[in-house]
J.: 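Take a look at the following structure, please.
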Amino acid sequence: MISQLALLAKKTIEAAWLNGPSYDLATQAAEALESAQLLQSPDTAAASERLRVALESTKRGLRWQRAWTAELKRQLETAENPVITVHRAAWDSMPLGLYARHGAARAHCEAHARRDLPTAAFDWIEDEEDGVAELVATVDGQEGVTGYTVTALEVASEYDEGADE
């Protein structure tokens, strides 16, 4: 059985033979495949595959984001005075991003820290009083703070004048 790609190549070659200039058939076939972008170097094929994987990942992320946004909208519409929690990933005083899930904020911090500490083992220490999670790294048996934190922030949907007092 012929694959879809081979079938496409066959049709491309046949079209070139019917409509192309009259010179050797092998050259016509090669030119037809090249113009239809059916010939790729291994590097180009690998780059195309990386792009395809990245695109699929982005699509999954967008589907999750749409679902999260719809759920958030539903909560805002049905709650009397909803409060939303977002998680801020930061390094020292520099914000890295805001996330709906604490796991995503922690992953961002860990990925950022891994650039400088590629061999470190990471762990999170969470302050129960203020809810701030701090990333610590262990390198060669020595544990130390990294400056990366994840802070849960409550975002109110309405201004509450009494909350300021």
J.: Any salt bridge linking Glu126 with Arg106? Criterion: basic side-chain nitrogen under 4.0 Å from a carboxylate oxygen.
T.: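 Yes, this pair counts.
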J.: Give a yes or no answer on whether the side chain of Thr146 reaches the backbone of Leu135 with a donor-acceptor pair at less than 3.5 Å.
T.: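 Yes: the side chain of Thr146 pairs with the backbone of Leu135.
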J.: Please state whether the rings of Tyr99 and His108 are parallel, tilted or perpendicular, taking 30° and 60° as the class boundaries.
T.: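 Aromatic pair Tyr99/His108 classed perpendicular.
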J.: Check this for me: Gln142, atom CD, are more than 12 non-hydrogen atoms of other residues, nucleotides or ligands nearer than 6.0 Å?
T.: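 Incorrect, the count does not exceed 12.
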J.: Dump the intermediate steps for side-chain contact (heavy atoms from CB on, under 4.5 Å) on Thr149 and Trp91, then the final yes or no.
T.: CA-CA 6 Å; Thr149 58; Trp91 178 57; over 6 Å; no
J.: What's the separation between atom OG1 in Thr138 and atom CG in Asp123, rounded to the nearest 0.5 Å?
T.: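 Spacing of OG1 (Thr138) from CG (Asp123) equals 7.0 Å.
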J.: How close do Arg88 and Pro95 get, heavy atom to heavy atom, and via which atoms?
T.: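 Heavy atoms of Arg88 and Pro95 come nearest at CD-CB, 4.4 Å.
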J.: Using side-chain heavy atoms (C-beta onward) and a distance below 4.5 Å, is Val145 in contact with Glu134?
T.: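 Yes - at least one pair of side-chain heavy atoms lies under 4.5 Å apart.
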J.: Output yes when a side-chain donor or acceptor of Asp92 lies under 3.5 Å from a complementary backbone atom of Met94, and no otherwise.
T.: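 Such a contact is absent between Asp92 side chain and Met94 backbone.
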J.: Should Cys109 and Trp124 count as side-chain neighbours, where that means a heavy-atom distance under 4.5 Å?
T.: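 Yes; the side chains approach each other to less than 4.5 Å.
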J.: Is any side-chain heavy atom of Leu96 closer than 4.5 Å to one of Tyr148?
T.: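 Side chain of Tyr148 against side chain of Leu96, heavy atoms only: contact under 4.5 Å found.
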J.: What are the two closest non-hydrogen atoms of Val150 and His87, and how far apart are they?
T.: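 Val150 and His87 have their closest heavy atoms at CG1-CB, 4.0 Å.
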